[in-house]
Amino acid sequence: MSGADIEKGILEATSPQQALKTASTAAPRPRPRTANPATLGLFSFASTTFVLSLYNASTRGIHHANVVVGMAIFCGGLAQLLAGMWEFPTGNAFGAAAFTSYGAFWMSYATILIPGSGIVAAYAGNESELSSALGIFLICWMLVTFFFLIVSLGKHIAFIALFSFLTLTFACLAGGEFGGSAGSTQAGGILGVITAFIAYYIGLSELLETEAHPPFRLPLGHLHPKAE
């Protein structure tokens, strides 16, 4: 039934009740299809994690992570935050919480590294206090990641692997800050690279699922059958 038919029916109705009945029988407008934002969030998280983890692993002698600030703000931060916001209308509370949380993590981490923020400068001359503060910061995110790991136990193997390795990554990085251990930080970097590749894998799997004719599919190891 077209909009003109509805209007005509309302005009020709002999009572308000008839007009309401005519309008209520109109065919509902089709809802626009919403694209899956998961791949954006996963690729953004993976890319930023990959770069920072290589720095933490002292790849090619790199010991200063400041180059990652741009990615942490816009890729790991803003893009992932938007992915989280776009997950809310789909009803995916897990994805919305995870992407929004880690988007906020990357933005907050970038803020620490920006000289103009004055955060690092506030600890000038007291590097041990800065290390302890960063250690507590990382422990907090290790706990958040562990909570996501608990929920992921009911989803699929790929998510379990992702949050397991990410929890260990935060633990190693926190240990490196608390103990001043370069080896622990490098271990965290290596675990972070593994975490990034797992996130890339899940993101690619999600992207292939959205294609009408994907060249292949990547299994995630769902623990429960997906509803058709």
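Contact between Ala79 and Ser44 at its shortest, heavy atoms only, is CB-OG, 3.4 Å. In this structure, Ile160 and Ser164 approach most closely via the heavy-atom pair O-OG, 2.6 Å. Leu208 and Arg217 get closest at one heavy-atom pair: O-NH1, 4.0 Å. Of all non-hydrogen atoms in Met85 and Pro89, the two that sit nearest each other are O-CD, 3.1 Å. Pairing each heavy atom of Ser101 with each of Trp141, the nearest pair is O-CH2, 3.1 Å. When all heavy atoms are compared, the tightest approach of Asn36 to Glu206 is ND2-OE1, 3.1 Å.
To the nearest 0.5 Å, atom NZ of residue Lys155 and atom NE2 of residue His224 are 9.5 Å apart. Taken to the nearest 0.5 Å, the CG atom of Leu191 stands 12.5 Å off from the OG1 atom of Thr49. With values rounded to the nearest 0.5 angstrom, Ile119 atom CD1 is found 9.0 Å from Phe137 atom CZ. Atom OG of residue Ser128 and atom OH of residue Tyr123 lie 11.0 Å apart, to the nearest 0.5 angstrom. Note that CD1 of Ile190 is 12.0 Å distant from OG1 of Thr195, once rounded to the nearest 0.5 Å. Atom CD in Glu177 sits 4.5 Å away from atom CG in Leu134 (nearest 0.5 Å).
Between Trp86 and Leu40, some side-chain heavy-atom pair lies under the 4.5 Å cut-off. In this structure, the side chains of Leu143 and Thr167 stay at 4.5 Å or more apart for every pair of heavy atoms. Using a 4.5 Å heavy-atom threshold, the side chains of Ile198 and Phe165 count as touching. By the 4.5 Å heavy-atom criterion applied to side chains, Leu130 and Val120 are counted as neighbours. The closest side-chain heavy-atom distance from Ile157 to Leu220 is not below 4.5 Å. Inter-residue side-chain proximity for Phe99 and Leu82 is flagged as unmet; no heavy-atom pair is nearer than 4.5 Å.
In the hydrophobic clustering of ILVMFWY residues, with side-chain heavy atoms under 4.5 Å counting as a link, Leu168 and Ile136 come out together. Both Ile112 and Leu78 are assigned to one and the same hydrophobic cluster, defined by single-linkage of ILVMFWY side chains at heavy-atom distances under 4.5 Å. Hydrophobic clustering, with ILVMFWY side chains joined whenever heavy atoms are under 4.5 angstrom apart, groups Phe45 together with Phe147.
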**Request:** Given side chain to side chain contact (heavy atoms under 4.5 Å, CB included), test Phe148 with Thr145 step by step and report yes or no.
**Result:** CA-CA 5 Å; Phe148 282 121; Thr145 304; 5.5 Å; no
**Item:** Audit row: Phe88, Thr100, side chain to side chain contact (heavy atoms under 4.5 Å, CB included) steps and yes/no
**Value:** CA-CA 10 Å; Phe88 278 107; Thr100 305; 4.0 Å; yes
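For Ser47 (side chain) and Phe43 (main-chain N/O), a donor-acceptor pair under 3.5 Å exists by modelled atom type. Distance alone, capped at 3.5 Å, places no donor-acceptor pair between the Ser53 side chain and the Phe50 backbone. Looking at Ser152, its side chain does come within 3.5 Å of a backbone N or O of Leu149 through a donor-acceptor pair. Looking at Thr185, its side chain never comes within 3.5 Å of a backbone N or O of Leu173 through a donor-acceptor pair. For the pair Glu209 (side chain) and Ser205 (backbone), a donor-acceptor distance under 3.5 Å is absent. Side-chain N or O atoms of Ser181 include one that pairs as donor or acceptor with a backbone N or O of Ser184 at under 3.5 Å. Side-chain atoms of Thr39 come within 3.5 Å of backbone atoms of Leu207 as a donor-acceptor pair (strictly under, hydrogens ignored). Side-chain N or O atoms of Thr59 include none that pairs as donor or acceptor with a backbone N or O of Tyr55 at under 3.5 Å.
In this model, a donor atom of one side chain and an acceptor atom of the other lie less than 3.5 Å apart for Thr90 and Glu87. With hydrogens and angles left out, the side-chain atoms of Asn56 and Gln186 include no donor and acceptor closer than 3.5 Å.
Counting heavy-atom neighbours within 6.0 Å of Tyr201 OH, excluding the residue itself, gives a total above 12. Within a 6.0 Å radius of CZ in Phe74, no more than 12 heavy atoms belonging to other residues, nucleotides or ligands are found.
A parallel orientation is assigned to the rings of Phe105 and Tyr109, their planes being inclined by less than 30° (bins at 30° and 60°). Relative orientation of the Phe170 and Tyr102 rings is parallel, given thresholds of 30° and 60° on the angle between their planes. By the 30° and 60° cut-offs, the orientation of the rings of Phe94 relative to Phe163 is perpendicular.
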